There are 2 protein chains.
Amino acid sequence: MPSGPEDTGMEMADFLPYLLNQAAEQVSLEFQRTYKDKYGMLRTDWRVLFHLGRYGDLIATDIVQRARIHKTKVSRAVVRLEAMRFLVRDEVSTDRRQEILRLTPAGERAYADLSRIADDYNQKLWRNITPSERKRFTAFLVSLAGMDQRRRG
Amino acid sequence: MPSGPEDTGMEMADFLPYLLNQAAEQVSLEFQRTYKDKYGMLRTDWRVLFHLGRYGDLIATDIVQRARIHKTKVSRAVVRLEAMRFLVRDEVSTDRRQEILRLTPAGERAYADLSRIADDYNQKLWRNITPSERKRFTAFLVSLAGMDQRRRG
DNA sequence: TATTGTTATACTCTATAACTATA
DNA sequence: TATAGTTATAGAGTATAACAATA
């Protein structure tokens, strides 16, 4: 039954699925404003841009495997990033089904800008956590995400 | 640039928004199967059921405030739970805009079943975490979620 | 036959505005 | 005028099947 004045919105704070969802939603929302308002990107667009910016030219299948994004999402993000003139497609001589995805100078600039903002934001989020706790929490989240085991195709 | 064979899907594991999202998604997905496959519920349905089961009869506004769910979502979840015969609406004599939401015996049974499963699942998720770490981690997630400050209307 | 990538479709979730009926 | 709750609509995220082109 309802208790004191402090009893507001905390009832499910012991239930990890709920708590994770609320935290992820708030945190995503805040960072989303950067790539959405500034560049008109969706979440998958940002993730694909990140992988191309950080790891260089890749084909779609590379991104599918590295970023854990389904191929249909990657396909549509590439279409959008292409429309924004942030990437171009190059032919692969050995396999005509594939295309190398390459950032344009504008794409590189967007990546540099966003990845710097992302890094700052990340540091800010972790600021009250000690390095050893951060390591433990990260490992915990990685295991919850199944990132220590699963692969996608 | 791409490195070793272990370099798969871990590139963004240092970026907390991504990591939280992946963890929340996996964990939600697993628990979702329970309320979805067994009862045909959506996420908001389960949350509303949880609040009614745990705190007794409430009006929609109570659920909005306690569960941090927007009134339009609560409204639609109530319609669905009513269609499932899991709750009924009672008139409030003092204000005809409000209705008391009350679980039926079937609703109580669904709550008892699901909340037990939820509790077991929650314990399982935390099983490798010490109590003090769990406390710290919960506080961290609560602060990320803004649940230590914000209220909704 | 299998793989790469695309298109189509449906469902869920989120967000907001506009509305009703009551207060 | 304000509040409780409903309805409508759009955008975004997720999931899956089916497909064309190529291997």
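Values in this document were obtained by computation on a predicted structure and should not be read as measured data. Naming: A, B, ... by sequence-line order, numbering from 1 per chain.
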Taking the side chain as everything from C-beta on, heavy atoms only, tell me whether A:Phe15 gets closer than 4.5 Å to B:Phe50. no
Nearest to the side chain of B:Gln32 - C:dA2, C:dA17, C:dC13? C:dC13
Return the 5'-most residue of the pair A:Asn21, A:Val74 with respect to DNA chain C, ranking by each residue's nearest nucleotide. A:Val74
Any donor-acceptor pair under 3.5 Å joining the side chain of B:Arg97 to the base of D:dT3? yes
Does some side-chain heavy atom of A:Val78 sit less than 4.5 Å from a side-chain heavy atom of A:Asp45? no
Can you find a side-chain donor-acceptor pair between A:Gln22 and B:Arg68 that sits under 3.5 Å? yes
Crowded around B:Arg85 CZ? As in, over 12 foreign heavy atoms under 6.0 Å? no
From the candidates C:dA23, D:dT16, D:dT9, the one with an atom nearest any side-chain atom of B:Arg76 is D:dT9
Ranking D:dT7, D:dA4, C:dG5 by distance to the side chain of B:Ser75, first place goes to D:dT7
Quickly work out the B:Ile59 CD1 to D:dT3 C1' distance and round it to whole Å. 10 Å
Closer to the 5' end of DNA chain C via nearest nucleotide, is it A:Leu29 or A:Glu99? A:Glu99
Return the orientation label for the B:His51 and B:Tyr55 ring planes: parallel under 30°, perpendicular over 60°, tilted otherwise. tilted
In residues 37-44 of chain B, what residues come within less than 4.0 Å of DNA chain C, judged by heavy atoms? B:Leu42, B:Arg43
With sequence neighbours left out, the residues meeting ring pair (Phe, Tyr, Trp, His ring centres under 6.0 Å) with A:Tyr111 are none
